[in-house]
Amino acid sequence: MSVIIPVGPGETCWRRLVAQIGCWSFAPEVILVDTEDAVEHADDFHDAPFRRIVSAAGRAVQMNAGAREATQPVLWFLHADSQVDDRAAHAMRAAAERQPAAIHFLKLAFDDDGPWGVTLNGWGVWFRSRILGLPFGDQGFCLSKRLFLQLGEFDTAARFGEDHLLIWRAHRHKVAVRQVAGTIVTSARKYADRGWWETTRQHLIGTVLQAFPEWMKLWRGRFTFQSTTFKCDADQP
């Protein structure tokens, strides 16, 4: 398994995540994808327990770059502000081995660094991911490298929601999207910094505007699109 962590300029929260990964009872390949803006800090990563690569800025660009550099057959994309304990990591690894032709994700919980309103967001995440089948990237997408490349990687032309678009593409190709029995914790600080209502409103509007044309493609495809069957053997990158 290769764990891919995109890091934005000035971000330091990845250090906590890397420390957590170091406590897992198995050792994945860890690829930290930094931006060109942070090249001057390269000395900070001397003898670090991960590979550090540099790419142009942008979450989709960085995750694609990390995927191409990965040497393991399974990719696990984690946001820098995520927290994943050993139990959830084991559950994810087992799920990826058991169902290599699916996209796997974890149940999402918010850290205690945000306002009380994120409790409502948590319910919304449950509805969106479990009922609508639309998890987002902060739930830790895990899939085979072969499947990721067949789906066309993350859309670098999208201004936002590259993870959302990947899931819609998976649905069009009839790729299973499965929740794993484990929890990933993500920071809620953006809700505190930008305001809970304004942040929630922007996310909701952006999701709906992006989802509608994708839903139309899916609906039209029921009549005109012959689904592609992807073969994703666990031992093939």
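One-based numbering along the sequence shown.
The closest side-chain donor-acceptor pair between Asp138 and Ser82, if any, does not fall under 3.5 angstrom. In summary, the side chains of Asp85 and Trp24 do not present any donor paired with an acceptor at a separation below 3.5 Å, with no hydrogens or angles considered. Between the side chains of Thr186 and His79, not a single donor N or O lies within less than 3.5 Å of an accepting N or O. A side-chain N or O of Glu29 and one of Ser2 form a donor-acceptor pair less than 3.5 Å apart.
Using a distance-only test at 3.5 Å, with no hydrogens or angles considered, no donor-acceptor pair links the side chain of Glu162 to the main chain of Asp155. With hydrogens and angles disregarded, a donor-acceptor distance shorter than 3.5 Å links the side chain of Thr119 to the backbone of Trp116. Between the Gln20 side chain and the Val84 main chain, a donor and an acceptor come within less than 3.5 Å of each other. Listed for the Arg169 side chain is a donor-acceptor partner under 3.5 Å among the backbone atoms of Leu151. A donor-acceptor pair is defined here as one N or O able to donate and one able to accept, closer than 3.5 Å; no such pair exists between the side chain of Gln210 and the backbone of Gly206. A donor-acceptor distance shorter than 3.5 angstrom exists from the side chain of Lys145 to the backbone of Ala67, with no hydrogens or angles considered. Judged by distance alone, with hydrogens and angles left aside, the side-chain atoms of Arg51 form a donor-acceptor pair with the main-chain N or O of Glu69 at under 3.5 Å. Of the possible donor and acceptor atoms, none in the side chain of Arg52 sits under 3.5 Å from a partner among the backbone N and O of Leu32. Proximity of a side-chain donor or acceptor of His173 to a complementary backbone N or O of Gln150 within less than 3.5 Å is not detected. At distances below 3.5 Å, not a single donor-acceptor pair connects side-chain atoms of Asp34 with backbone N or O atoms of Ile53.
Across all their heavy atoms, Ala70 and Leu75 have their closest contact at CB-CD2, 3.5 Å. Closest non-hydrogen pair, Ala96 versus Cys142, comes out as CB-SG, 4.0 Å.
Note on Val61: it does not cluster hydrophobically with Val3, by side-chain heavy-atom contacts below 4.5 Å among ILVMFWY residues. In this structure, Val7 is not a member of the same hydrophobic cluster as Val185, with clusters built from ILVMFWY side-chain heavy atoms closer than 4.5 Å.
With contacts defined as side-chain heavy-atom distances shorter than 4.5 Å, the pair Glu153/Leu166 does not qualify. Residues Phe77 and Asp163 have side chains not in contact (no heavy-atom distance under 4.5 Å, counting atoms from C-beta outward). In this structure the side chain of Val33 never reaches within 4.5 angstrom of the side chain of Met63, judged on heavy atoms. The closest side-chain heavy-atom distance from Val74 to Leu143 is not below 4.5 Å.
Side-chain contacts under 4.5 Å among hydrophobic residues (ILVMFWY), followed directly or transitively, place Ile205 together with Leu209.
More than 12 non-hydrogen atoms from other residues, nucleotides or ligands lie less than 6.0 angstrom from CZ of Arg201. More than 12 heavy atoms of other residues, nucleotides or ligands lie within 6.0 Å of CZ in Arg68, so this atom counts as buried by the packing criterion. Counting non-hydrogen atoms of other residues, nucleotides and ligands closer than 6.0 Å to CZ of Phe26 gives a total above 12.
Cation-pi geometry between Arg178 and Phe105 is not met: the NZ or CZ atom fails to fall both under 6.0 Å from the ring centre and inside 45° of the normal.
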*In sequence, state the C-alpha distance, the side-chain angles, and the governing distance for Trp14 and Phe50, and then conclude on ring pair (Phe, Tyr, Trp, His ring centres under 6.0 Å).*
CA-CA 12 Å; Trp14 59 267; Phe50 51 80; 5.6 Å; yes

_For a side chain to side chain donor-acceptor pair (under 3.5 Å) check, start with the C-alpha distance between Asn121 and Thr200, then their side-chain angles and the critical distance, and finish with the verdict._
CA-CA 8 Å; Asn121 297 82; Thr200 301; 3.2 Å; yes

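For residues 124-147, every residue pair satisfying the ring-ring contact (aromatic ring centres under 6.0 Å, His included) rule, not counting sequence neighbours, is listed here: Phe136-His164.
Under 4.0 Å is where a charged nitrogen must lie from a carboxylate oxygen, and between Arg189 and Asp111 no such pair does.
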